[in-house]
Protein chains: 2
Amino acid sequence: MSLNTALISVDVVAFRLFNGKLHVLAQRIQTDRNDSQWMLPAGKIDPVKDQSVDDTAYRQLERLTSKKPGYMEQVVTLGDNQRDSRGWSLTIVYYALIDSNDGEQLTPGAKWLPADIETLQEQLAYDHSRLIQQALDRLRSKIQYSSLPVYLLPDTFTLSEIHGVFSAVLDKAPPMRSIRNRFLQGDLLIDTGKLKRGSNRPAALYKVNQNSETWLFDRLYISTR
Amino acid sequence: MSLNTALISVDVVAFRLFNGKLHVLAQRIQTDRNDSQWMLPAGKIDPVKDQSVDDTAYRQLERLTSKKPGYMEQVVTLGDNQRDSRGWSLTIVYYALIDSNDGEQLTPGAKWLPADIETLQEQLAYDHSRLIQQALDRLRSKIQYSSLPVYLLPDTFTLSEIHGVFSAVLDKAPPMRSIRNRFLQGDLLIDTGKLKRGSNRPAALYKVNQNSETWLFDRLYISTR
DNA sequence: TGAATAGTGTCTGTTAGACACTATGGA
DNA sequence: TCCATAGTGTCTAACAGACACTATTCA
């Protein structure tokens, strides 16, 4: 008796920022027609390669990009007899946050699509835009009381760039004063001593204190509700 | 091609209060030996009976108790090649909150066990005590910023009884002043006008405002950290 | 009337947010 | 030197928590 993984899939919603906009990793589906159809990185559990479902999720990402997610979390498992025309199906949904450093190698057929739900609904096959919506809901909620924003930024970043993450994810952001107070408290960030130049007054560059795990604050921002 | 549910199970951790103590619903496992072995309400997806995984979870509960959960939520899906000696297995874990009203009919073999992790580790088969731990972690976290406590109480209850829920779940509780301020704000509760007598000064009895969904507050209690 | 629990008034601490202010480097 | 952006000082609002106080019923 072994796990029949025929209609069980692990789907990953990977988020990344490009030019201050949120994007989602997708791969092209083979079609006869010329119009593009896309799907999320997804696949079955491989009982030989994978030791756990997390492994399966990581493996789906690795098929499309050379980047390792700085953060990954299971969202939900959806299962019913509606999603797939063949009958009952199960999907374990993850979301992953990818940093904005350079040096990504994308597999042919993979592409970062702008995370605009209306457009994605047309571009994505199956119920994948719904899965993205659920992952996005989780991200939008958790960003407001955790250090998640840093996982979408480069290794070193300014506090304004954290503000930018909020704008990209929520379309609104807390005031810089609040972001400053929150992120400079405790040992969350380390001042690298370097400056980001090019703007007018240069901004201090911070990096994540590796000793500290993903930080959970005990209050939500109110201005982003 | 159909969903082989051989090694996929849906496990439910149902919580209920008895005498101010948290309990977990379990069912006896048939054993030759005289010592009791227990397991969580769990079972396979029935592609005919169940329209969705939530249905499966509800069905597992219904097998053991006549009570319907006031609240149920998926915790996580665990899958690896370690949990089950037969190889790869998948478990979708839910937790459910059951009110403290009377009138429960338990199926023979079902029993509410005190939610003491050390004792449960000895009583429960498989990795079920670990599943309970994960469900309990989620409950302990969410109780601190939501209206979840009310789902463990009778239809009408006093504010002191909310305090009791915190004590049962966390072994510590916020001051009554804070509970009062939080739960009497907004339209969360309705004063029934009735009083709970028997103690010295009678306490006002409240009920949940059915118009309001599960309430999420924007701060954690600090005293229960 | 006293014990016990219910419930209030009010002060402090913390943190989000508003807003005016100062600081600094590039053009 | 001007300007855009970085960053600070400080006040307010909201709410958790501490704590002293009052209120109400039962024994």
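Here is how names work: the chains are called A, B, and so on, in the same order as the sequence lines, proteins then strands, and each is numbered from 1. What's counted below: heavy atoms across the whole structure, side chains too, no hydrogens, waters or symmetry copies.
- No more than 12 heavy atoms of other residues, nucleotides or ligands sit less than 6.0 Å from atom CG of B:Asn19.
- Within the 4.0 Å cut-off from OP1 or OP2 of C:dG17, at least one side-chain nitrogen or oxygen of A:Ser223 is found.
- Straight-line distance from the CG atom of B:Leu195 to the C1' atom of C:dG7: 12 Å, rounded to whole Å.
- Taking the six-membered ring where the residue is Trp, the centroids of A:Phe166 and A:Tyr221 are separated by under 6.0 Å.
- If you measure from atom NZ of B:Lys196 to atom C1' of C:dA4, you get 15 Å, rounded to the nearest angstrom.
- Taking atom NE2 of A:His163 as the reference point, atom C1' of C:dG17 lies 12 Å away to the nearest angstrom.
- Here the C1' atom of nucleotide C:dA6 and the CZ atom of B:Arg197 are 13 Å apart, to the nearest Å.
- Rounded to an integer number of Å, the gap from CD1 of A:Ile222 to P of D:dC15 is 7 Å.
- The main-chain N or O of A:Asp99 is found under 3.5 Å from a side-chain atom of A:Arg16 such that the two form a donor-acceptor pair.
- Listed pair A:Ser160 / D:dA6 meets the phosphate criterion, a side-chain N or O lying under 4.0 Å from OP1 or OP2.
- At whole-Å resolution of the value, CG in A:Leu220 and P in D:dA14 are 17 Å apart.
- Listed in residue order, the members of residues 168-190 of chain A having a heavy atom less than 4.0 Å from DNA chain D are A:Arg177, A:Arg180.
- Heavy-atom neighbours of A:Lys207 NZ from other residues, nucleotides or ligands within 6.0 Å: at or below the threshold of 12.
- Between B:Thr156 and B:Lys194, every side-chain heavy-atom pair lies at or beyond the 4.5 Å cut-off.
- As rounded to whole Å, 13 Å separates atom C1' of C:dA16 from atom CD of A:Gln144.
- Comparing B:Asn200 and A:Tyr206 along DNA chain D, the residue whose closest nucleotide (by nearest heavy atom) sits nearer the 5' end is A:Tyr206.
- Under the 3.5 Å distance criterion, with hydrogens and angles disregarded, a donor-acceptor pair is assigned to the side chains of B:Gln133 and B:Asp137.
- One interatomic measurement links the two molecules: CD1 of B:Ile162 to P of C:dG7, which rounds to 11 Å at whole-angstrom precision.
- Within 3.5 Å, no donor on the side chain of A:Arg201 pairs with an acceptor on the base of D:dA4, nor the reverse.
- A donor-acceptor contact closer than 3.5 angstrom links the side chains of A:Gln60 and A:Arg63.
- Considering only side-chain atoms of A:Arg219, the nucleotide from C:dT14, C:dG7, D:dT24 that sits closest is C:dT14.
- Residue order along DNA chain C, read from the 5' end via each residue's closest nucleotide, puts B:Ala204 first among A:Tyr221 and B:Ala204.
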